[in-house]
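Please read all numbers here as calculations on a predicted model, not as lab measurements. Along the sequence shown, residues are numbered consecutively beginning with 1.
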Amino acid sequence: MFGKKLKTALFLSLTMMAVGAAGGSASAAGYTLNPEVKDATPALRQAAEIGVRTFNNESMKDKKNKDAILVLSFGTTYKDSRKATIDKTVADIRAAHPDQKVVLAFTSHIIVDRIKAKEHLTIPTPEEALAQLKKEGYTRVAITSLDVIPGMEYAYDTAIFDLYKHDFKKMTIGTSILYWMGQEGQRDDIAEFVQAFSTQFPKLGKEDAILVMAHGTPHPANAYYSVVQNRFDAARLGNVFVYSVEGWPHLDTVVPQLQAKGIKNVILMPMMMVAGDHANNDMAGAEVDSHKSILEKEGFTVTPYLYGLGENAAVRHMFVERADEAWNALEANTAVSQKQHKK
């Protein structure tokens with residue numbers, strides 16, 4: 001962990017100065033406009049808001065602080081997996097912040113409705129959770145995400161931040177677990193994640209491979225999967241390949257690579273917070289078009305690993321760190337928190 005502030009000029013349409021801390025588990029990192037920029041327009045200021053974001057509402061500056069942490073997850077209707085992954089991660093966040101109110105909300109309104117109908121359990125949407133917090137008199141809210149990449153679901157999270165930040169004295173939002181990748185002196189979330197994720201990997205022989213199933217997204221953040229593959233290769237963990245359900249690379253992108261390497265045995269492993277519908281059906285289902293069935297038809301011996309990322313203690317720790325970053329930014333007097341995490 002490094003404590004240095006790193007400053008780098010970006011000679012693009014935006015001239016910004018990086019202010020952050022590099023290292024595996026550094027404090028919240030972000031960007032501020034270069035001091036040479038005078039009278040920055042609202043658009044320029046908003047464009048510079050990356051990393052952990054903070055909004056101070058000057059009209060409410062005299063309000064008493066009453067703080068809460070809002071955890072946003074896509075959610076799942078798979079009850080057992082939800083308890084073992086999302087609920088356990090939220091429990092870890094509560095344990096790290098025992099004196100603060102911690103609220104869980106699901107960004108999938110469909111999942112919220114299905115859980116209410118089947119389990120008679122009401123889990124709020126982000127909009128409902130923030131409305132309730134405001135009703136209860138909370139004035140400062142730290143939002144943290146259980147998203148893996150900053151794709152469409154994380155875009156929903158940041159939209160919530162932008163739409164509701166004026167309702168509170170102060171609001172912050174942390175990043176997805178994968179965000180920084182060593183660019184501009186920042187830490188490398190992807191390399192750290194690969195090490196955490198690989199704690200659940202078995203030892204691989206020359207004829208063995210792990211196929212890591214990501215979700216995939218039409219969002220440009222789908223490119224993160226290529227960086228994840230790069231970090232797997234750099235870590236020399238054996239034959240580990242990333243593919244996605246709804247993005248790129250596809251399963252048929254990976255199969256020729258397996259055949260070229262003489263792979264005979266494949267472990268299918270979800271790189272998703274929960275082992276839900278995609279893991280149980282798309283990946284490991286008995287249907288002829290499941291990934292397991294397709295691979296078996298190609299002659300591979302296939303072993304599904306039906307556990308979500310939230311069941312991996314090392315990965316959960318990274319999600320807690322993201323919540324810590326959002327919380328530290330909420331407590332900080334400046335837009336970028338300089339507090340260090342406790343390992």
Walk me through it: do Asp189 and Arg322 pass the test salt bridge (Lys or Arg N to Asp or Glu O under 4.0 Å)? CA-CA 11 Å; Asp189 293 341; Arg322 300 300 178 269; 3.3 Å; yes

Is it the case that over 12 heavy atoms from other parts of the model lie below 6.0 angstrom from the [atom1] atom of [X]?
X: Glu287; atom1: CD; answer: yes
X: Tyr156; atom1: OH; answer: yes
X: Arg45; atom1: CZ; answer: yes
X: Lys66; atom1: NZ; answer: yes
X: Asp80; atom1: CG; answer: no
X: Met181; atom1: CE; answer: yes

Verify the distance criterion only: is there a donor paired with an acceptor across the side chains of [X] and [Y] at less than 3.5 Å?
X: Asp277; Y: Asn281; result: yes
X: Tyr154; Y: His219; result: no
X: Thr217; Y: Asn222; result: no
X: Lys170; Y: Asn57; result: no
X: His317; Y: Asp92; result: no
X: Glu311; Y: Gln200; result: no
X: Glu128; Y: Gln132; result: no

Please test Arg82 against Glu119 for salt bridge (Lys or Arg N to Asp or Glu O under 4.0 Å), starting from the C-alpha separation and ending with a verdict. CA-CA 13 Å; Arg82 186 170 71 240; Glu119 300 180 34; 2.5 Å; yes

Determine, for Asp62 against Lys169, whether the closest basic-nitrogen to carboxylate-oxygen distance falls under 4.0 angstrom.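 Here Asp62 does not pair with Lys169 in a salt bridge, since their nearest N and O are not under 4.0 Å apart.
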
Carboxylate-amine/guanidinium proximity below 4.0 Å for Glu207 and Lys261: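 Lys261 and Glu207: not salt-bridged.
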
Hey, what's the ring geometry for His278 with His215, parallel, tilted or perpendicular (30° and 60° as the breaks)?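 Plane angle over 60°, so perpendicular.
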
Given Arg187 and Glu325, is the salt bridge (Lys or Arg N to Asp or Glu O under 4.0 Å) satisfied, shown in steps? CA-CA 14 Å; Arg187 69 188 183 214; Glu325 288 179 353; 2.4 Å; yes

